[in-house]
Amino acid sequence: MDLDDTPEQVTHRAQARAWLEQNKDQAPVLSGPGALQDEDEIIAARRAWQGRLAEGGLAGVTWPKEYGGQGLGPIEQVICSQEIARAGVPGILDAIGVGMLGPTIIAHGTDEQKSRYLGPMLHGDEVWCQLFSEPAAGSDLAAVQTRARQGEDGGWRLTGQKVWTTNAQFAAYGLLLARTDPDQPKHKGLTMFIVPMDAPGVTVRGLRQISGEAEFNEVFLDDVELDEGAVVGGVGNGWGTALTTLMFERVTIGLGGEGLGYNSVRFARGIAADEHARRDPEVRKQLGDIVSELLAVRFTGYRTLTALQRGQIPGPEAGLAKVTIVNGAIKAGDLIADVLGPDALDQGSEWAYMISFLPGLKSAGGTEEILRNTIGERVLGLPPEPRLDKGIPFSELRSKEGAAT
Amino acid sequence: MDLDDTPEQVTHRAQARAWLEQNKDQAPVLSGPGALQDEDEIIAARRAWQGRLAEGGLAGVTWPKEYGGQGLGPIEQVICSQEIARAGVPGILDAIGVGMLGPTIIAHGTDEQKSRYLGPMLHGDEVWCQLFSEPAAGSDLAAVQTRARQGEDGGWRLTGQKVWTTNAQFAAYGLLLARTDPDQPKHKGLTMFIVPMDAPGVTVRGLRQISGEAEFNEVFLDDVELDEGAVVGGVGNGWGTALTTLMFERVTIGLGGEGLGYNSVRFARGIAADEHARRDPEVRKQLGDIVSELLAVRFTGYRTLTALQRGQIPGPEAGLAKVTIVNGAIKAGDLIADVLGPDALDQGSEWAYMISFLPGLKSAGGTEEILRNTIGERVLGLPPEPRLDKGIPFSELRSKEGAAT
Amino acid sequence: MNLALSDEQEFLREAARGTLSRVKTLEAAREALDGDSSALPDLWPTAREAGWPGLLIDEAHGGAGLDAFDAMLVLGECGRVLASVPLLGHLPATAILADAPRVADYLPALASGERRAAYLPSQPPTDVDQRWTADPASGLERSPLPTGARPDANGEVKLSGSYAFVPDAPGADALVGVAVIDGEPAGVVIMADADGVQVEPVRRYDATCSLAHVTLKDAAATVLDAPVESLAGAWHLAQALIAAQSIGSVETALEMSVAYAKERHTFGRPIGSYQAVKHSLTEVLRQLENGKSLLYYAGWARNGAPGEFPLAANSARSVAGRALDYAARTMISVHGGIGATWEHDAPLYFRRAQLSRRLLGGTSGASDRVAGELLAQAAA
Amino acid sequence: MNLALSDEQEFLREAARGTLSRVKTLEAAREALDGDSSALPDLWPTAREAGWPGLLIDEAHGGAGLDAFDAMLVLGECGRVLASVPLLGHLPATAILADAPRVADYLPALASGERRAAYLPSQPPTDVDQRWTADPASGLERSPLPTGARPDANGEVKLSGSYAFVPDAPGADALVGVAVIDGEPAGVVIMADADGVQVEPVRRYDATCSLAHVTLKDAAATVLDAPVESLAGAWHLAQALIAAQSIGSVETALEMSVAYAKERHTFGRPIGSYQAVKHSLTEVLRQLENGKSLLYYAGWARNGAPGEFPLAANSARSVAGRALDYAARTMISVHGGIGATWEHDAPLYFRRAQLSRRLLGGTSGASDRVAGELLAQAAA
């Protein structure tokens, strides 16, 4: 058991560090003096920087070489991330595309799709977004209603609404889950598509959150035309293709370390400034409980990495790290605001945004409750809840729900 | 809105107080100097004292006069309880009988049953126990398996096992829920019986709890013979009869005040002794949170009483008071043991017993989870969980469960 | 024994609900948050019409001569719809002034609402802290009260010091609280427009809560002849009022959450049929019912058992504050992603919960006092 | 980067599990609780045979020369079955002695287990409390360490004072901890049979935990030349060991609860299919996994990053202690009424949880230190 690099990893780390040393002046400045302010400029600069990272071999580390990646393992990916963080420069802009959607296309896409899309994705020339969730299909993802109908020429027409879409406002493409056969039970009859975000009929609208910021978007599809080649993984196989994406999402979360910027020292700093609070037994007890759990997540990430190195795929329990992070950060926000008082809730406070943002995050990526169901069943082997929607055609299911309401 | 007695209640309270003043020397001494030690002597003394209270009109206050009660309302019952507590003497021994089982017989029993059983019950001459729960029918009470078969002479033979039975070791009679028709769905085909605890085939065995004490008993029934007159409320109506008992149980709990002896001042006393703890912000915060909730229960009791006075029957939400009390007392035990250290867990400590006893109490009387289901559905009107056992004959259900295991 | 509302109280509550239902308070709260502070309707005329400003002033001085519980009923209705009615500041101030014969002439204007007062939160000593303190502008350590030297024959004095996060201070005519005069705590009233008085409005997170930092520099004040019990009582009254307001908000949060849980389906079932949702909502109900019971306790104790009022009011605040916190979070999580969007009402209740738990000594300050009261009883 | 067990570690763990599976530890725990203290098997010979006493002593002195993580694996196996092996006392004591050249001759007897040592819990200063302290016999306030005057040339000194709730002290040959010698903290070793040493066995709630109050009255002690880092390190090591032991108990509690939740039916469904049960058990898993991750952290940090060892060991203790508490309660509630009966194993885990959270500074003491370490980092 050790946390040290192997000799090969030492070399890899040195290379990454050297490259960053040479190139970090080209990185966009996002905070502090000289920071870019204009949103469009920031995006443009981050796209260019992603391209540079890809050229330097610091993006798509685990992608096969034939698609522009390094063909290396997850540990090398983490080493690059650590070195990027150490250099104090931004990482890639399109973490969703490179981390989850690209690997899905690599796994299920046609040769044409791979050669057309992967290169521009990796280099930040074309940003991607994930069009899975819908207003009535959040945690129950297989309930998507966006309808794709095939014409006689083999092409498709899509109509529906997606929601909680990150990066949609500047994405070139989206990977979209749609229902192609409503007469099948809900997990069948789904198909995955590649959608150009500038196609006629696609409308993107920012979705404001509690904080007042539009962290996510709604995406409306009004009779959007796609050709036959837009299908990823075959017609009717959309659920299996989506599961691949979700598996890569878990890997991303599992390796997230203390992740999301909610780290222990930052919270401690929020409290250490108040000499009275620093010595208050109640504040200390709460802080100690919270940061102990957040520290654990870092080492859970290392355990996940060890498993990945051994070729094991992380199971749904990787999602527990997210539960720990989100709930820990929520408690930390509460504690800090109790210490600082209402000023912690001021718009200018570094804490107000976090306090506003987290309650929504608890619901993002599958609610905590559904995650606990999945883990209880798949990891602990507990029996499932009775499922009333099994084997029933989706169309029939919807009318039943309507009647029950 | 007031907490004061009406003029009638003032009179009633004065009468109770005067009676207690005259008679309290006859009350058994259960703690302190001169306290009775022998378990049998204690029971005998408490039975005699119950008889005296009944004669004085301080027991069975809400029972109709024709059965030896006072025919008064719940407020007068509470006044008597308050005065008994004030006088520092024990209350009645058979609170289960007088509070829950007697009222069930009054509601559902035959005239013969009423005239035979109610008098001796009220006076403590015959103590009763409640034979509902079984090893495989705890929170799901309607799953009882104790089998009653009717012979050609109309008499019954009972075989089965009951558990969590308070007072069984010295009870004269038990009110027992048994299955008389397994081919009916589970809530049908149940019948309520009166069982003499000295009948051949009845065996009582103490059931030791975490604390080491036998708070409850197991009761085994091995081909116990009862005559036709033992049925309460009619054959096949056992579930409805049991619901009456449970309703009276809720009334009892609802009026329990801070109940079960877990009151705020006692907990505060456990901490006040430690000068360091008394000033510790963390200890104070926790204590304040706990006792605030326990205080609430007292006033919830007054609200319940107000409703009862107006002829309203308390709903299942009365059970929330128990949840508050038990969870509050568990937290208080934890806090006090954290303050006092391992000595709080010493056998001689007043807290060790409470700390041991409470986790079991959380499961007693229907688990907290089932209670929350019931309240969610019946009080908030939330939709029920899918029930897989509805309308299916009990015998078939059991074989299904067996197969699933 | 009767813990039910009287017919008059039922009427008071229904009237308040009816009156407030005619104002789009939630929409206004959202617009105000978005920068349009003129969006918040001025509800003081409404309050005057309903007779709320004089609730705690006796009839001889033009008030309604009602008690804390009646005021709590009105605050509860405000809390239900997050209505911005400046009673949390006004009512405790009138409670002090009503006990100070020296300023009795001023009461009718306050009772009618022609003049509006704001209470300067002044926390009485606890079993372990002998000082009177004010809420701090920042940090955990409480602030000393403003001080003044010996007053003149008319009770006039110059005060210096500050009170932070004073509810409803912006626009108030008179500020009423406690100061340390010649080394002893005493009630004071300060005219907001006097020299040396600075009322700096501050907005934090919930636009419906009107707050200000009040700074005094040799500001003219009148020392009140209200007894010290009355000064302490105003603090506890403020705890009971904010508790009632919070419990009102919990009621709405629960109702909206239950309604959504019945409608919204996932995996082929209404989400309210799942234990996770059902048990959370039952927990909101449990806390709500406990809070309501303690509102009765506080409402009764203020006159029925004044010695218990600190315990009653602060336990109500403690339970109600935590209930609102839990209810607002549950409201968001039951609604899923939609509950965290700007257009939804859930975030408004969440913002209210976040802010109000930190006002008037904070929810945790109330718990601390409950502990202190109990520990003192236990030691006696 | 490799956070997996080595083959040797796998073997060590499997061997420990195999060895302990041959002893009816749970039955013994129950009988001992019932008054038959002879029911508890003496597992020291078993420990000797397995080489556990010398785990942390180097090979040159007859030990195995292994590290904290290996010791934690063994403690985890003891925790799984509530085996009463006196390693929680012995191992931290050997960790101090191994750093004290003056008593190197004594190490082989400790390594072989011919002699047994017990660690006198001595808590190093925190960021807000500059004293070294001992666990108090009662109450929240920590006790001062025993004191002695200047030692003679051989390092001999007379000590007076006491250490409460010393794990595994009954029957130990040597007691090892920290005392204040001539005003400065120093390591000390005391022979249990020396004059002025009183080892009073105390039993609290969990018969499998051997404890004693140790009282010294001018008792002869040898001052150790171990560095102060080693003295502090023993405290943190004890935290890591009790954390590992607790996590072992959580594993069993979870396994037994999951098994029962699959079997037991209510309302026509296995109880494990209900969210209330499923989510509780998932929560146990979450806490268990967090605890395990921190055991890796602590196991790695003791040599890999000694500056982080206090943070690592105490965060492991904090999470593991709370995990055991939650797991034991969940075990009882999942089992329903039966889980609270004397014959069931759940109460044994509950008793272990109740007691161990209050030993060695307590779970909350560990949280306090985690906060202190982080606050110090944040201030730097």
Side-chain angles (χ1 to χ4, degrees), chain A residues 133 135-140 142-143 163-164 186 207-212 214 216 273-277 280 282-283 330 334 337-347 352 355-357 359-364 367-370 372-373 385-390 392 397 400-402 404-405, chain C residues 33-35 135-142 164-165 202-206 209 211 262-271 273-277 280 325 328-329 331-344 346-348 350-351 354-359 362-365 367-368:
Chain A
S133 294
S139 40
D140 184 9
V163 75
W164 316 124
K186 63 198 279 195
L207 187 62
R208 288 179 77 189
Q209 298 294 102
I210 302 187
S211 59
F216 303 107
D274 188 305
E275 180 62 19
H276 200 82
D280 184 281
E282 193 209 341
V283 172
I330 285 173
D334 267 358
D338 278 344
V339 165
L340 301 182
D343 277 358
L345 302 171
D346 189 39
Q347 254 183 330
I355 288 168
S356 300
F357 178 68
L361 197 62
K362 243 174 114 81
S363 331
T367 64
E368 187 176 320
E369 282 74 22
I370 300 300
R372 287 186 189 267
N373 267 8
E385 295 212 57
R387 284 289 292 269
L388 305 184
D389 54 354
K390 262 206 178 141
I392 300 174
L397 203 60
K400 269 179 60 182
E401 287 183 11
T405 312
Chain C
L33 206 54
D34 228 354
D135 289 337
S138 176
L140 210 59
E141 194 166 18
R142 297 192 56 79
F165 297 111
V202 288
R203 202 183 88 184
R204 294 287 181 270
Y205 211 61
D206 173 2
C209 289
L211 297 170
K262 290 179 188 174
E263 267 172 31
R264 169 81 179 189
H265 281 63
T266 191
F267 298 106
R269 284 163 53 185
I271 60 171
S273 71
Y274 290 95
Q275 284 190 332
V277 171
S280 291
D325 216 87
R329 291 192 185 281
M331 190 180 189
I332 290 176
S333 71
V334 165
H335 282 82
I338 200 80
T341 56
W342 186 262
E343 296 305 318
H344 201 271
L348 299 172
F350 179 75
R351 285 175 178 268
Q354 285 291 322
L355 179 59
S356 64
R357 86 180 242 179
R358 280 135 193 145
L359 295 178
T363 301
S364 61
S367 294
D368 187 84

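Note on naming: letters A, B, ... go to the chains in the order of the sequence lines (proteins, then strands), and numbering restarts at 1 for each one.
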Kindly give the heavy-atom pair with the smallest separation between A:Pro359 and C:Arg329, and that separation in Å.
CG-NH1, 4.3 Å

Pick one of side chain, backbone, both or neither for C:Ser364, based on which atoms fall under 4.5 Å of a heavy atom in chain A.
neither

Selection from A:Leu340, A:Leu207, A:Asp338 maximising heavy-atom pairs under 4.5 Å formed with chain C:
A:Asp338

Charged N-O contact under 4.0 Å between A:Arg208 and C:Asp34:
yes

For the residue pair C:Ala137 and A:Asp343, what are the closest heavy atoms and their distance?
O-OD2, 3.5 Å

Salt bridge or not between C:Arg264 and A:Asp140? Use side-chain N to carboxylate O under 4.0 Å.
no

Per-residue contact mode, A:Val283 against chain C (heavy atom under 4.5 angstrom):
side chain

Measure across A:Ser356 and C:Phe350 and return the closest heavy-atom pair with its distance rounded to 0.1 Å.
CA-CE2, 4.5 Å

Kindly say whether A:Val339 contributes a backbone atom to a donor-acceptor pair with the side chain of C:Arg358 at under 3.5 angstrom?
no

Looking at every heavy atom in both C:Ala340 and A:Gly360, which two are closest together, and how far apart are they?
CB-CA, 3.4 Å

State the OG-CD distance between C:Ser280 and A:Glu369, to the nearest 0.5 angstrom.
6.5 Å

Taking side chain as everything from C-beta outward and backbone as N, CA, C, O, which of these in A:Gln347 sits under 4.5 Å from a heavy atom of chain C? Side chain, backbone, both or neither.
neither

Is a side-chain N or O of A:Asp274 found less than 3.5 angstrom from the main chain of C:Leu140, in a donor-acceptor match?
yes

Is C:Leu359 close to chain A through its backbone or its side chain, or both, or neither, when contacts mean heavy atoms under 4.5 Å?
side chain

For chain C, which of A:Ala137, A:Ser133, A:Gly212, A:Ala344 has the most heavy-atom pairs under 4.5 Å?
A:Gly212

What part of A:Ala273 gets within 4.5 angstrom of chain C, counting heavy atoms only: side chain, backbone, both, or neither?
neither

Is the shortest heavy-atom distance from the side chain of C:Arg357 to the side chain of A:Asp334 under 4.5 Å?
yes

Okay, C:Arg203 and chain A: the region with an atom under 4.5 Å from a heavy atom over there is backbone

Engaged part of C:Asp206 at the chain A interface, taking heavy atoms whose separation is under 4.5 Å
neither

Could you grab the distance from atom OG of C:Ser333 to atom CD of A:Glu368, nearest 0.5 Å is fine?
8.5 Å

Please name the pair of heavy atoms, one in A:Lys186 and one in C:Gly268, separated by the smallest distance, quoted to 0.1 Å.
NZ-N, 4.3 Å

On a heavy-atom basis, the closest approach of C:Ile338 and A:Trp164 is N-CZ2, 3.4 Å

Part of A:Ala143 within contact of chain C (heavy atom distance under 4.5 Å)
neither

Could you grab the distance from atom OH of C:Tyr205 to atom CD1 of A:Ile355, nearest 0.5 Å is fine?
6.5 Å

Max heavy-atom pairs within cutoff under 4.5 Å with chain C, candidates A:Ala352, A:Ala214, A:Ala142, A:Ala136, goes to A:Ala136

As an exercise: rank C:Gly339, C:Ala276, C:Ala346, C:Gly139 by heavy-atom pairs under 4.5 Å with chain A and give me the winner.
C:Gly139

side-chain contact (heavy atoms from CB on, under 4.5 Å), that's the test. Do C:Ile332 and A:Ile210 meet it? Break it down for me.
CA-CA 10 Å; C:Ile332 290 176; A:Ile210 302 187; 3.7 Å; yes

How far does CG of A:Asp346 sit from CZ of C:Arg204, to the nearest 0.5 angstrom?
4.0 Å

Where on A:Glu385 is there a heavy atom nearer than 4.5 Å to chain C: the side chain, the backbone, both, or neither?
side chain

